[in-house]
Every structure is written in C-alpha cells, then in structure tokens.
Amino acid sequence: MMAYTEILLVDDEPHILRALKRELRHFVAHIHTAASGEQALTILSEHHIGLVISDYRMPHMDGAELLINIHQRYPDIATIMLSGHADLPGVSRAINAGALSQYVSKPWDREVLCNTVKTLLSNKHTSFPHDTLTRSLSQDALNQRIQGMAVDVKTPWLVAIIDSQGTSTINETQSVIAGNHQLRRVSELLEQIAEFNWYRVADKFVGVLAYSSAGHRLLNALIERLNCARETKALPTQLMVSALRSWQEISFETIQARKAKKIPLYDVHYWLPCPNEHQDDATLRTLIRDIEAKHFEAFFQPQLNIMTDDIDGFEALVRRRLESGGYQPPAEFLPLLSRYQLEDVLTTVMFEQALEAIHLLRQADNTKTISVNVTARQLETGFVVGVIQLLLPHYPDDVPQLEVELVETEKIHNFKHAHQQMEQLKSLGISCALDDFGTGFAGFESMCELPFDVIKIDGRFVRQIGQSETDEVILSSICQSATLLNIELVAEWVENQNQIDVLREKGCTRVQGHVIGAPLRRSRLLEFLATFKSKTCPTKLGGSD
C-alpha cells in the first residue's frame, strides 16, 4: 500500500527537505513538504497523510510540539523525529506523550532511514484497522474476518469488489494525489451504504455479504448507488462478485488474475470465476444474473366466476425465462431459490409484476383482482405488509385489487401475529386467501382462526369429482364450512364442465384451470379478456401454454 501513501516532510532548511525527498521518492506515492509546524498542520488538514517526518529544531513550534499536536488530531498518522543527540531531552516530550513512532538521529544513515519508513508504513497497515486515506478497513482486517467466518456450504457468502476504474491511469498521467482523490470519492460513496464494512485492497474496495434475500436486496442497493454515481458524479466504478468459499486468499494479484476472466452478469456487474469453481457457485452466478436481468416473470392464470360467467381475476404464477427463449416451470427452480434463501426476492418480484398488471388492466377499464402466493413465514414476520407498503406510493389505486394467498405447505407458528398482519392487509383493501386447502398443515384450524376472505380448494379434490366418494365427502365438508363462515370458495385444476357444475352446486364461486385459460404473459391479458367477452359458454374457453 506504500505505492498509494502520501507523506509529509517538515524542516525549516530547504536543502534538508531536498535531500530527504531524494532518499524517499521511490518508496511512496507523493511527498509533501513544509518549512514550519504551522504550514505542516495546514497541509495535514488538506491531504490524507500516512507518515510525518519532522526535524526537532524549528522556530515558533519545535518538532516535539508539532508531533504532539499531530497525535492529538490525527492519531493514525505514523511519525518520525529527526534530530541530533543534543536534542534528546526535548524529543522525550514527544515520546512521553505517545506522539512519536520512531526516532532517527542526524545525520541520518540512508539505509536506516529507508528501512524505518518501510517498516513503519508496513506496521501501520497491519496494526491500524482503518486505512488513513479512505477510512476503509485494512486488507489484514479482511483476512482476519474471512478466517473467522464459518462458511455454510448451503448458504454461500459473496465477495463484492468495487473496482475504481481508471485510478492507475490517473496515477500515471496526472498524479497519485489525483488518483487518491478518486479513491476517496469512491470511499465516500460506499460509506453511505452503512450495512457494508468495506475493506481496501490497493485501488479496490471489498465487501462481504451473506447471499440471501436480505443480501440480494443489499447487493441491489449497491448496484443502484453505483449506477447513480456513474451518471451524476462521473465516478467510474465496476462491481464484481464471487462466491467466498472458493477463494483461498484475497490480494491485488489474485483479483487481477480473476478479473481477466470475468463473466458478465448484468450491466457493469461481473462474476469473477475461481480456478476451481464449484457447480453450486456457477448455479448461484446464474441465479444472480437472472434476477438482475428480470428473467423471473409472472404469468397470469384467469379465474372464472361461475355465477356470472365473467373473469373476476387472475393468479400470478412464476416462470423463469431461459436463454433459449423458452420458460422453466417453478418446480425446476424453486428448490434452488429455497437453497439460497431467495424466496423473499421472488415474492417481491411477483408483487411488483402483479401490480404492473393490475395497473395495465385498470387503464383499459378492466379492473381485476390478481392473487400472489406467500408463505406463512413471510406473513407472520411482516414481510408481506412491508413489501406492499413500499410499493403502495407507486400503485396507490392498484393495491386494493391484490389478493394475498397463504400457501398451506408451511406451518403457521403464531396465529396471533398472522391475524394482526392479515388485518393490516385488509386495511389496505387487500383480500386474503388460503391456498391449496385440505393438503397443508393447519387445515380447518387456519380457516377458523384467521380472517380469510377466500378458501382455494386443492386441485386433488376437484380431479376426484365423480371418481372418489371419500374425496367428495371431504370436498362437501370444506364447502359447507366455508359457506357457514361466509368465506368465498375458489377451485383449482378445473378441467371440464361437469366439475364446474358440481362445484357450482356446492357453493363454489370461482374456478381456474386450463378449461378456463392457461397462464398468460402480461402482454396477452387484454387480448384474452377481449376474446373472452365474445364467448357465451365456459366450455369453449380451453387454452394451452
């Protein structure tokens, strides 16, 4: 790091300053000079100095007084006193005050002086946790953190590397001071993202984060901040990430080597492959790319009101767009998202796209409800309400057309918390549905204890209509209970007119399935509704993916 360090020489004799500059110019980035203590303090207030070398005998303010003053104002700055043996009693003042890092006698020995400077600066980077120039944490602090981390193979950590592009060119064509100024500007930008601890490695800044839904949101905020800085502050930066468990060490050399093989993820956002990249790391890299590139898309399956023969709404179902142009069904990628704890990211995407679809329909005078699936954890913890409140200012008139579907594949641990969260959703005009009823954990307890507006009957019971007497008894019990509780019934996986007729008799009001329509891209919703209006019989509404 000495190549980036600025030092200050203080002496009232010009020929001494010239001699010291000749001795030290090859070891540090830039050398400032001052002819007095007062001038030295002014320079220190304007520049990021890593080391001060001061003579003892100076008018107005001697070297001991100056170094004590520096120690009080800038305790991280290393200091060297140059003086003859006759001045030792005065130098002891600085030593006793803890303001002196090293003493070198005059006349100095060149090798002793140079080695003292090298040792002090090297020890400074090791002993001080923060870098003087940027106030970032040191590379040694980064290595200590990585060594102390328990890296979970199932939930890998990521290394985020901010490359201050062009710094080396600025150093060569302008000055190291100009290059350091750019590093400081990048550091000031990163300081605004308080959730990160940034470590400096030469002209790069390194952050470590656990990759999960919360980690992805943090990474996303970082990307937005960097994009804004590039546009508004002309601050060129590049973001590179890699799985931490694959890295044996982090150094300028290893970063440079991997940078040469970087893989584009999204915009100026790259993945740094490691020599022996794991398959899991490659999978994680692809997930990050697809999330950032918005390859996870909501498709919308229509729901028919079998009392009015109108389309009342749609259920949002996720698909993953592949590079081939095709789409991957959720069963093939949801386990990956779960492994990397990215369910919250996906749910946020689905709410955003559902509200975009509602807005599109409302603009065309086709106000419809769109339902989005959430887990019990997301509901109980307040995540669902939190996401909707963040989106509410952007879609104030569209939020009331949302329907939140609680999936029954996850147990509700705290009915009181779940009830409170559902009441908050209702206060926003949002209806609450219990999905896949009859196959999950809570069953009738959920229906009775929580204020659901809608119960969605699992498709298993629908498909068994006319084939299983036992399943029909359960279906009748579900329908009777919902009717008594004044809860609307919706049936999934409806495939024929006979099922529709039986469900209507049992009190079901809405149905969905391929007999009504296959899941549609948002761009096809208005076309589907326009075509549907011309139909007169639900049995003519078959569709395909």
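No donor-acceptor distance shorter than 3.5 angstrom exists from the side chain of R321 to the backbone of G326, with no hydrogens or angles considered. Checked by atom type and distance alone, the side chain of T347 never pairs as donor or acceptor with a backbone atom of D344 at under 3.5 Å. Q378 places a side-chain N or O within 3.5 Å of a backbone atom of T375 that can act as its donor or acceptor partner. In this structure, E495 contributes its side chain and G513 its backbone to no donor-acceptor pair below 3.5 Å. Between the S136 side chain and the Y199 main chain, no donor and acceptor come within less than 3.5 Å of each other. Of the possible polar contacts, none joining the S477 side chain to the V473 backbone as a donor-acceptor pair under 3.5 Å is found. The main-chain N or O of I162 is never found under 3.5 Å from a side-chain atom of T237 such that the two would form a donor-acceptor pair. No side-chain donor-acceptor contact under 3.5 Å links S338 to the backbone of L334.
A donor-acceptor contact closer than 3.5 angstrom is absent between the side chains of K204 and S164. Side-chain contact, K506 with Q480: no donor N or O sits under 3.5 Å from an acceptor N or O. No hydrogens or angles considered: a donor-acceptor pair under 3.5 Å links the side chains of E292 and H216. With no hydrogens or angles considered, no side-chain donor-acceptor pair links H359 and Y395 at under 3.5 Å.
Inter-residue side-chain proximity for V404 and F452 is flagged as unmet; no heavy-atom pair is nearer than 4.5 Å. Put simply, the side chain of Q401 does not reach to within 4.5 Å of the side chain of I370, judged on heavy atoms. A 4.5 Å side-chain heavy-atom check between D397 and R362 finds at least one atom pair inside the cut-off. The closest side-chain heavy-atom distance from I457 to V490 is not below 4.5 Å. Here the side chains of Q512 and L304 are not in contact, with every heavy-atom distance at 4.5 Å or above.
Outside the 6.0 Å centre-distance limit, the rings of F528 and F300 are not counted as a close aromatic pair. In this structure, F437 has its ring center no closer than 6.0 Å to that of F461.
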Take R522 and Q353 through the test side chain to side chain donor-acceptor pair (under 3.5 Å) and record every step on the way to the result. CA-CA 9 Å; R522 186 177 66 200; Q353 295 188 25; 5.6 Å; no
Chi angles and distances behind the side chain to side chain donor-acceptor pair (under 3.5 Å) call for E405, S371: CA-CA 6 Å; E405 287 190 22; S371 57; 2.8 Å; yes
Begin with the C-alpha distance, continue with both residues' side-chain angles, and end with the deciding distance and a verdict on side chain to side chain contact (heavy atoms under 4.5 Å, CB included) for L265 and Y270. CA-CA 5 Å; L265 288 178; Y270 300 90; 5.8 Å; no
Would D453 and E488 count as a side chain to side chain contact (heavy atoms under 4.5 Å, CB included) if you check the C-alpha gap in whole Å, the side-chain angles of each, and the deciding distance to 0.1 Å? CA-CA 6 Å; D453 304 290; E488 183 183 5; over 6 Å; no
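Taking OG1 of T348 as the reference point, atom CG of L390 lies at 8.5 Å (rounded to 0.5 Å).
Looking at K368 and D312, no side-chain N of the basic residue comes within less than 4.0 Å of a carboxylate O on the acidic one, giving no salt bridge. Between R289 and E323, at least one side-chain N (NZ, or NE/NH1/NH2) sits under 4.0 Å from a carboxylate O, which counts as a salt bridge. E315 has a carboxylate O that lies under 4.0 Å from a charged side-chain N of K456, or vice versa, which qualifies the two as a salt bridge. Contact check on E403 versus R510 returns a salt bridge, with a Lys/Arg side-chain nitrogen under 4.0 Å from an Asp/Glu carboxylate oxygen.
When each of E380, H419, E449, H417 is paired with I412, the side chain to side chain contact (heavy atoms under 4.5 Å, CB included) condition holds for E380 and for no other. Test F333, F296, F299 against Y327 for ring-ring contact (aromatic ring centres under 6.0 Å, His included) and you get one pass: F299. Of the candidates L183, L137, V206, L183 is the only one forming a side chain to side chain contact (heavy atoms under 4.5 Å, CB included) with R200.
Contact between L503 and I306 at its shortest, heavy atoms only, is C-CD1, 4.3 Å.
More than 12 non-hydrogen atoms from other residues, nucleotides or ligands lie less than 6.0 angstrom from CD of E332. Within 6.0 Å of atom NZ in K426, more than 12 heavy atoms from other residues, nucleotides or ligands are found, so the atom counts as buried in its surroundings. Within 6.0 Å of the NE2 atom in H181, the count of heavy atoms belonging to other residues, nucleotides or ligands does not exceed 12.
Partners of S468 according to the side chain to side chain contact (heavy atoms under 4.5 Å, CB included) rule, which considers only residues two or more places apart in sequence or in another chain, are Q464, T470, D471. Partners of L428 under the side chain to side chain contact (heavy atoms under 4.5 Å, CB included) rule, at least two apart in sequence or in another chain, are I388, L392, V399, I430.
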